[in-house]
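Just so you know, these numbers come straight off a predicted model, no measurement behind them. Counting starts at 1 for both ligands and their atoms, in listed order.
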Amino acid sequence: MADSRSDDDAGRPRVLVVGGGFAGFYALKRLERKLPADTAELMLVSATDYLLYTPLLPEVAAGTLDPRDIAVPLRQALRRTHTVLGHVTAIDLNRRTATVLQPGPDHYHGTSNDGVETEPTIVNWDRLVLTPGSVSRQFEIPGVAEHAHGFKTLTEAIYLRDHVLEQLDVADSCPNTPAGDAERQRRLTVVAVGAGYTGTEFVAQMQRWVKTVAGRWDRTGPKDVLWVLVDVAEAVLPEFGPRLGRSAMTLLRKRGVDVRLGVTITSADETAVTLTNGDVIPTGTVVWGAGVAASPLIATLGLPLSRGRLVVDPELRVSGTENVWSAGDAAAVPDLTKPEMPPAAGSEAAAAIASTGHPLCPPTAQHAQRQGKVLARNVAASLGVGNSRAYRHRDLGLVADLGGYAAVAKPLGVPLTGLLAKAVTRAYHLQALTGVPNRIRVAVAWALGYALPAQAVQLSAIPRADALMTRAQATDIYPDPPLELSRPGSPPAL
Ligand SMILES: Cc1cc2nc3c(=O)[nH]c(=O)nc-3n(C[C@H](O)[C@H](O)[C@H](O)COP(=O)(O)OP(=O)(O)OC[C@H]3O[C@@H](n4cnc5c(N)ncnc54)[C@H](O)[C@@H]3O)c2cc1C
């Protein structure tokens with residue numbers, strides 16, 4: 001199906017934004033403010049009709065927050081933008097078109113309500129903004145795609161909450177026999193891979209919540225659920241530095257979490273994971289938080305990549321293109337606040353350096369949001385409004401909520417733990433979360449969380465197949481990248 005513009009749109013150049021996450025959303029917000037209505041038509045193709053505030057995703061899994069509390073409605077927040085729900089699966093840089101696959105009931109897998117094959121739409125653009133973010137980095141470990149669950153989308157967070165509760169139910173009804181006991185322990189073991197903020201916050205917050213509710217089952221007590229956190233690195237929360245990382249690890253171990261560092265998994269199947277040291281851990285739940293890789297769309301473009309991310313100049317213009325910009329987790333944005341690195345020897349090391357020789361900005365919401373705003377300014381400049389400028393942002397620090405009254409935070413480099421860190425963490429999220437309605441919902445939920453008993457009900461709304469990474473993150477809908485892009489030494493990872 002070809003895209004036809006309405007009369008109203010005729011003559012106005014179209015700015016097409018791919019992905020309404022932190023970078024895309026803030027780019028559009030700024031463009032709506034900056035560009036007079038007759039200067040350009042703004043169009044967003046987004047896989048979801050909300051901006052997901054991912055830093056609070058662990059609180060959805062742990063039930064402190066309702067999923068909608070952290071979903072900022074795009075159509076309400078972007079009033080001048082034409083929002084289309086779907087995935088861009090291909091871009092033609094010469095013809096200036098994008099192929100858009102819109103969801104049917106079989107999701108993105110090609111059939112519509114009445115079972116008819118859905119046809120992609122071709123959308124024209126004059127300025128293109130590529131902000132499709134990232135997906136879970138899976139490596140090629142046998143069984144991970146089939147048996148592990150990522151933790152990047154609301155679908156995955158909601159599913160994991162229900163799934164863990166279901167394991168408690170199944171465990172409770174296992175027979176009182178040696179085989180039944182073994183199955184019971186397997187069901188009550190959760191393994192999270194990756195001790196960065198995704199895996200660590202997930203384990204810390206879920207452990208606190210399950211400990212509070214587990215006593216409601218007849219045969220299960222708070223201490224019966226075993227949490228295992230595995231990482232190939234020798235540290236928990238390495239982003240926070242050794243002191244806060246150690247503090248987080250001590251807290252987790254005190255709570256009974258089995259933290260295993262210097263190992264990762266070599267395979268996963270329906271009943272267990274096997275570690276690189278040969279240990280086999282029987283489990284019914286594997287959560288995958290081992291880093292992220294740029295959206296598979298990026299590798300299909302045939303453009304220069306650095307560690308799998310699109311190479312952009314300091315003004316966020318995509319190298320080798322005209323009128324195309326990129327930002328966020330999908331882009332290799334040079335961090336101009338860090339000194340240039342000496343020319344790298346190996347191809348792996350060279351890939352870590354951005355277009356300018358500076359290191360890459362880390363893949364965080366903090367950067368993506370600010371890059372989005374600078375990108376908007378530069379797109380506007382290309383349309384004759386204002387001047388462009390380079391992206392430069394000094395990190396404000398990081399926060400990680402560890403459940404209960406615990407957190408670690410490093411605002412402007414100052415290490416904090418305990419109650420003070422918790423207060424800073426919650427204050428940070430409240431100001432960073434987009435939109436007053438969402439802030440109010442979250443603040444009220446937090447207040448109620450201290451006053452009311454923790455909730456533990458299963459909605460079982462999401463089938464297991466839809467919560468696997470391929471489906472939940474729609475990684476299988478893109479054409480294969482050109483062969484020369486899959487050469488060794490250029491890993492598609494951040
Ligand atoms: C659990 C978790 C906790 C985190 N905590 C923090 C934190 O505390 N602080 C912090 O700074 N960062 C945090 N991050 C990282 C942060 O979420 C990312 O860096 C940030 O979301 C990147 O923004 P983005 O705009 O590049 O991508 P996203 O915000 O992921 O947005 C990309 C959007 O594009 C959509 N999309 C993807 N492909 C297509 C396509 N082909 N067509 C159309 N739409 C598409 C996606 O569905 C998504 O809506 C966390 C991430 C996770 C998963």
- Query: Of the listed options (T300, V60, D329), which comes nearest to atom 22 (C) of ligand 1 when hydrogens are ignored and any heavy atom counts?
  - Reply: D329
- Query: Where the closest heavy atom to atom 50 (C) of ligand 1 is concerned, which of Y197, Y428, F151, F202 has it?
  - Reply: Y197
- State if F25 counts as touching ligand 1 under the rule of any non-hydrogen atom under 4.0 Å. no
- Item | Nitrogen or oxygen of G24 less than 3.5 angstrom from that of ligand 1 | no
- Query: Just going by heavy-atom distances, which of G372, P363, G289, A23 is nearest to atom 25 (O) of ligand 1?
  - Reply: A23
- Test Q167 against T285 for side chain to side chain donor-acceptor pair (under 3.5 Å), laying out the working first. CA-CA 9 Å; Q167 300 309 298; T285 312; 4.9 Å; no
- Item | Nearest-option assignment for atom 7 (C) of ligand 1, heavy atoms, candidates C361, P362, P55 | P55
- Short side-chain to backbone donor-acceptor contact, W125 and T97, under 3.5 Å: yes
- Message: Under a 3.5 Å distance rule, please check whether T54 uses its side chain to pair with a backbone N or O of L57 as donor and acceptor.
- Response: no
- Task: Kindly compute the distance separating CG (L459) from CD1 (I158), expressed to the nearest 0.5 Å.
- Result: 8.5 Å
- Distance from atom 21 (O) of ligand 1 to nearest protein heavy atom, with residue and atom: F22 CD1, 3.2 Å
- Note on the structure: When distances are taken from atom 40 (C) of ligand 1, the protein heavy atom at minimum range is H87 CD2, 3.4 Å
- atom 31 (O) of ligand 1: closest protein heavy atom, distance to 0.1 Å, is G21 CA, 3.0 Å
- Single hit among V324, L128, N323 for side-chain contact (heavy atoms from CB on, under 4.5 Å) with R96: N323
- Among protein heavy atoms, which sits nearest to atom 52 (C) of ligand 1, and what does the distance come to when rounded to 0.1 Å? T54 CB, 3.8 Å
